[in-house]
Amino acid sequence: MTTAYWTAVDSPLGTLWLTGDGAGLSGLYMGRPAMLDNDGWVEDDAPFTAASHQLAAYFAGELREFDVPLNPSGTPFQQEVWAALRAIPYGETRSYREIAEQIGRPTASRAVGAANGRNPICIVVPCHRVVGSSGVLTGYAWGLDRKRTLLDLETTGSQQRLPAPAVVA
């Protein structure tokens with residue numbers, strides 16, 4: 001049985017909860033996931049050192065692309081959508097329709113939205129970069145204020161207004 005690890009790190013958006021199996025990041029949440037209350041989860045900062053440092057660099061405006069190993073659980077369709085999310089360049093947005101077209105399913109905008117909403121690795125898999133067809137901000141599991149903050153960080157350099165996050169050693 002694979003050990004499941006977790007840690008919590010401070011960020012300008014509040015505490016971020018990271019989960020993984022030691023081989024890759026399986027979750028990044030802006031609220032403590034209930035699954036951590038189950039047996040088998042071990043609190044350990046070590047498996048998340050690279051992710052913690054990259055998150056700190058991202059919030060400082062020094063990192064535009066994450067390169068930590070990922071291991072999210074999801075259906076093949078969700079994995080396809082999440083891969084498309086990772087291809088959205090820093091500071092840019094795409095609509096649900098554009099993502100659906102990109103993955104070859106032009107009528108699947110709503111399914112793309114559902115997969116986007118189930119993304120277990122926020123920020124690193126940048127679901128915040130997906131907006132409505134008119135460019136308007138639409139739902140974000142962690143709140144539209146946080147989505148706007150992330151988009152502002154990437155487009156206007158507003159990271160100077162954000163407090164520096166603590167880094168796990």
> Looking only at non-hydrogen atoms, find the nearest pair between Lys147 and Val130 and report the distance.
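Distance-wise, the nearest heavy atoms are NZ-O, 2.6 Å.
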
> What is the ring orientation for Tyr140 with His128, classed by angle as parallel under 30°, tilted 30 to 60°, or perpendicular over 60°?
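Correct class here is perpendicular.
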
> For Asp21, what residues pass the side chain to side chain donor-acceptor pair (under 3.5 Å) criterion, not counting sequence neighbours?
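Checked Asp21 against side chain to side chain donor-acceptor pair (under 3.5 Å); matches are Asn71.
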
> For Arg129, enumerate each residue passing the side chain to side chain donor-acceptor pair (under 3.5 Å) test, keeping only those at least two apart in sequence or located in another chain.
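Arg129: side chain to side chain donor-acceptor pair (under 3.5 Å) contacts with Glu154.
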
> Looking only at the aromatic ring of each residue, does the gap between the centers of Tyr58 and Phe66 stay below 6.0 angstrom?
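Yes, close enough.
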
> Counting C-beta onward and ignoring hydrogens, is there a side-chain heavy-atom pair between Trp17 and Leu28 closer than 4.5 Å?
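Trp17 vs Leu28: side chains apart.
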
> Using a 4.5 Å cut-off on heavy atoms from C-beta on, say whether the side chain of Leu25 contacts that of Leu18.
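Yes, at least one pair of side-chain atoms sits under 4.5 Å.
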
> CD1/Ile123 to OH/Tyr29 distance, rounded to the nearest 0.5 angstrom?
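That separation rounds to 13.0 Å.
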
> With sequence neighbours excluded, tell me which residues meet side chain to side chain donor-acceptor pair (under 3.5 Å) with Asp37.
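Asp37: side chain to side chain donor-acceptor pair (under 3.5 Å) contacts with Arg32.
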
> Listing request: all side-chain hydrogen bond (donor to acceptor under 3.5 Å, both in side chains) pairs with a residue in residues 103-126, at least two apart in sequence or in separate chains.
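As it turns out, there is no side-chain hydrogen bond (donor to acceptor under 3.5 Å, both in side chains) pair with a partner in residues 103-126 once direct neighbours are skipped.
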
> Looking at Asp145, I want to see if its CG is surrounded by more than 12 non-hydrogen atoms of other residues, nucleotides or ligands under 6.0 Å.
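12 or below, so no.
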
> I'd like to check the side chain to side chain donor-acceptor pair (under 3.5 Å) partners of Tyr96; sequence neighbours left out, ordered by chain and number.
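For Tyr96 the side chain to side chain donor-acceptor pair (under 3.5 Å) partners, ignoring immediate neighbours, are Thr138.
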
> Considering only distance and modelled atom types, tabulate donor-acceptor pairs under 3.5 Å from the side chains of residues 76-85, sequence neighbours left out.
unit_1: Gln78; atom_1: OE1; unit_2: Thr75; atom_2: N; d: 2.8
unit_1: Gln79; atom_1: NE2; unit_2: Pro72; atom_2: O; d: 2.8
unit_1: Trp82; atom_1: NE1; unit_2: Ala115; atom_2: O; d: 2.9

